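Scroll down for the structure; my scribbles are underneath it.
Predicted, not measured: the structure shown is a model, and the values here were computed from it.
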Protein chains: 2
Amino acid sequence: MTFSQNFKDDRSASADGSEALDLSSKLRDAGLRPTKQRLSLAHLLYSQGNRHVSAEALHEEALGAKVDVSLATVYNTLHQFTDAGLLRAVAVESSKTYFDTNTTDHHHFFIENENRVVDVPASQINVSDLPEAPEGMEIARVDVIVRLRKKT
Amino acid sequence: MTFSQNFKDDRSASADGSEALDLSSKLRDAGLRPTKQRLSLAHLLYSQGNRHVSAEALHEEALGAKVDVSLATVYNTLHQFTDAGLLRAVAVESSKTYFDTNTTDHHHFFIENENRVVDVPASQINVSDLPEAPEGMEIARVDVIVRLRKKT
DNA sequence: TTCCGTGCAAACCATTTGCATAAGC
DNA sequence: GCTTATGCAAATGGTTTGCACGGAA
């Protein structure tokens, strides 16, 4: 369920193949066939703690790790993972979409001049007195984005 | 649509001068030459209370009102207004950028299936216990987006 | 074998840019 | 007149789609 943030060997599966099995079942549980590409991307995404990646960045990372995937497949995979609840799309005003490997309740810093997203644990921000949702609507989620800029 | 709209609390509504003069000075004060196109777009934006528009929607609205502007000029104008503090860009995950005529402190509902943005007064949401900004950074703004979906 | 997933390239859509013309001052 | 805006069309950048091939069940 949760992934250790301290992987000593982050490139290859452990000797008994347990990480590969973990990822396989994670995908299978989500209704996704554990194909080579999906497993490789899942490994890149989930073996380094919480991350915020764009499709393009993940694609380059994959190529750098000798994982041969097309950009289209990276997009498809990111969306499939998101639909399956394995990832979460983060809304910032930049034109790119960022995918967050942390799907638990939390918020974000957005560093304006670097276009970078950083997690803020839900416990560190208190949001209260939410307004009522209009008739027939319900609150799906509350996102808090704390925009940071360089101090002048 | 008309110049004779009711403004309950709008202090910029003119007492003796025309609205055109108001908009002219508003633009001038922002360091922008009050050209025909900018005045027309400002009129569309600011004569109907608070709005959230996309560039394309504003362009169509302008054409419908017999205001002849190109889409490129609409984009340029929206960004100039935003840089000048007359508008605010709203970040939602939709691929489009929305511009908000309300530049005061407030938050947003985002209606997921309609891709629509609605203001929430700052007074209706309480955000506290914000985390420290990292070294050398400061908090530029805190955006709260309450995502709404149709109740099932 | 039957599908589903993948790769590729072309398509798409929102947005930006370069450059010649037109408008403010 | 000198400068700044505008319009157009072409370029861009992120993302998506259609279709033929290849791999998983």
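No salt bridge links A:E56 with A:K96; every basic N to acidic carboxylate O contact stays at or beyond 4.0 Å.
No hydrogens or angles considered: a donor-acceptor pair under 3.5 Å links the side chains of B:D119 and B:H52.
Counting only heavy atoms from C-beta on, A:H79 has its side chain closest to D:dT16 among C:dC25, C:dG7, D:dT16.
With sequence neighbours excluded, the residues satisfying side chain to side chain contact (heavy atoms under 4.5 Å, CB included) with A:N76 are A:Q80. Scanning for salt bridge (Lys or Arg N to Asp or Glu O under 4.0 Å) contacts around A:R33 gives an empty result, with sequence neighbours left out.
Aromatic rings of A:F99 and A:H79 (six-membered ring for Trp) have centroids within the 6.0 Å cut-off, being under it.
Two end axes, each from the C1' atoms of five base pairs, can be drawn for the helix from C:dT1-D:dA25 to C:dC25-D:dG1; they diverge by 30°, to 10 degrees.
Between B:Q37 and B:N76, the residue whose closest nucleotide on DNA chain C is further toward the 5' end is B:N76. Comparing A:A55 and B:L32, the nucleotide of DNA chain D nearest to each residue sits closer to the 5' end for B:L32. Comparing B:S54 and A:T35 by the nucleotide of DNA chain C that holds the closest heavy atom to each, the one mapping nearer the 5' end is A:T35.
Between the CZ atom of A:R38 and the C1' atom of C:dC4 there is a distance of 8 Å, given to the nearest Å. Rounded to an integer number of Å, the gap from A:R33 CZ to D:dA24 C1' is 5 Å.
Distance OG/A:S40 to CG/A:L58: 10.5 Å, rounded to 0.5 Å.
Backbone-only contact: B:T97 has heavy atoms under 4.0 Å from sugar-phosphate atoms and none from a base. Heavy atoms of B:H59 sit nowhere under 4.0 angstrom from any nucleic acid atom.
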